Amino acid sequence: MTTSLGFEYKPNDEFSLRISPLAPRWTFVTDTELYNNVENNYGVEVGKKVRTEWLAFNLLADWNKKLSENLTLKMRYQMFANYETLAFDTIDHRLDLGLEAKVSNLINVSLTSLSIYDIDQDDKIQFSQGLALGISFKRGNFPEE
């Protein structure tokens, strides 16, 4: 869980940037036996359930670009840096990419990608991709807006 105090810059409807020079974060591990399977226990000291990082910086950038009437690109980058352990390889990074297409009035398709670098979870970059097919319909006699 991360909280943050800072400011947001939003020059238009497509882009926003949040800079939080004070962003404490709590990492919870409720399974006290997890260290048997996860060597570094997500940064939580063995035998404890919570790790608190009080002095930290958080940055969040969002960009949502409508490429055409039926195609939208969404990008989100998040960075978290603990001032106490500040080094290049200890900064956490997360990048979300999404491409959403409205194929017809009934069908939507989305392709997503997620990349995470967090030394407390793994010393390598983690990747995840997804493909979703959605069917939408309207019910009732509600007027279109």
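Bear in mind that the values here come from a model prediction, so they are computed numbers and not experimental data.
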Counting N and O atoms only, with roles assigned by atom type, does the side chain of T72 sit under 3.5 Å from a partner on the main chain of K66, one being a donor and the other an acceptor? no
Decide whether [X] and [Y] are clustered together by the hydrophobic rule: side chain heavy atoms of Ile, Leu, Val, Met, Phe, Trp, Tyr closer than 4.5 Å, transitively.
X: L59; Y: W63; value: yes
X: L17; Y: L5; value: no
X: L114; Y: L73; value: no
X: L131; Y: F127; value: no

Straight-line distance of [X] [atom1] to [Y] [atom2], nearest 0.5 Å:
X: L97; Y: S115; atom1: CG; atom2: OG; result: 7.0 Å
X: Q121; Y: N41; atom1: CD; atom2: CG; result: 12.0 Å
X: N82; Y: N58; atom1: CG; atom2: CG; result: 12.0 Å
X: M75; Y: F15; atom1: CE; atom2: CZ; result: 10.0 Å

Check: [Y] and [X] side chains under 4.5 Å, non-hydrogen atoms:
X: F80; Y: I91; value: no
X: Y77; Y: L60; value: no
X: I116; Y: L95; value: no

With sequence neighbours left out, what residues match D31 under salt bridge (charged side-chain N to carboxylate O under 4.0 Å, His left out)?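 With neighbours one apart ignored, the set is empty.
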Kindly give the heavy-atom pair with the smallest separation between [X] and [Y], and that separation in Å.
X: S20; Y: A23; value: O-CB, 4.1 Å
X: T27; Y: V44; value: O-CG2, 3.6 Å
X: K74; Y: N64; value: CG-OD1, 3.2 Å
X: A81; Y: L86; value: CB-CD1, 3.8 Å
X: Y117; Y: D89; value: OH-O, 2.9 Å
X: P21; Y: F57; value: CA-CD1, 3.7 Å

Just say parallel, tilted or perpendicular for the rings of H93 and F88, cut-offs at 30° and 60°.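 Tilted.
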Residues which pass side-chain hydrogen bond (donor to acceptor under 3.5 Å, both in side chains) with T30, listed by chain and number, not counting sequence neighbours: none
Could you go through residues 98-112 and list every donor-acceptor pair under 3.5 Å that involves a side-chain atom there, pairing it with any protein atom two or more places apart or in another chain?
{"from": "S104", "atom 1": "OG", "to": "L106", "atom 2": "N", "distance (Å)": "3.2"}
{"from": "S104", "atom 1": "OG", "to": "I107", "atom 2": "N", "distance (Å)": "3.2"}

Evaluate the side chain to side chain contact (heavy atoms under 4.5 Å, CB included) criterion for residues I19 and F7: first the C-alpha distance (whole Å), next the side-chain angles of each, then the deciding distance (0.1 Å), finally the verdict. CA-CA 6 Å; I19 299 174; F7 62 91; 4.1 Å; yes
Using the salt bridge (charged side-chain N to carboxylate O under 4.0 Å, His left out) rule, collect all pairs that involve [range], keeping only residues at least two apart or in two chains.
range: residues 76-85; result: D62-R76
range: residues 112-133; result: R51-D120
range: residues 8-26; result: E8-R18, E14-K65, R25-E53, R25-D92

Can you confirm whether more than 12 heavy atoms, excluding those of Y83, are under 6.0 Å from its OH atom?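 Yes, enclosed.
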State whether the number of non-hydrogen atoms from other residues, nucleotides or ligands found under 6.0 Å of I135 atom CD1 is greater than 12.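 No, not enclosed.
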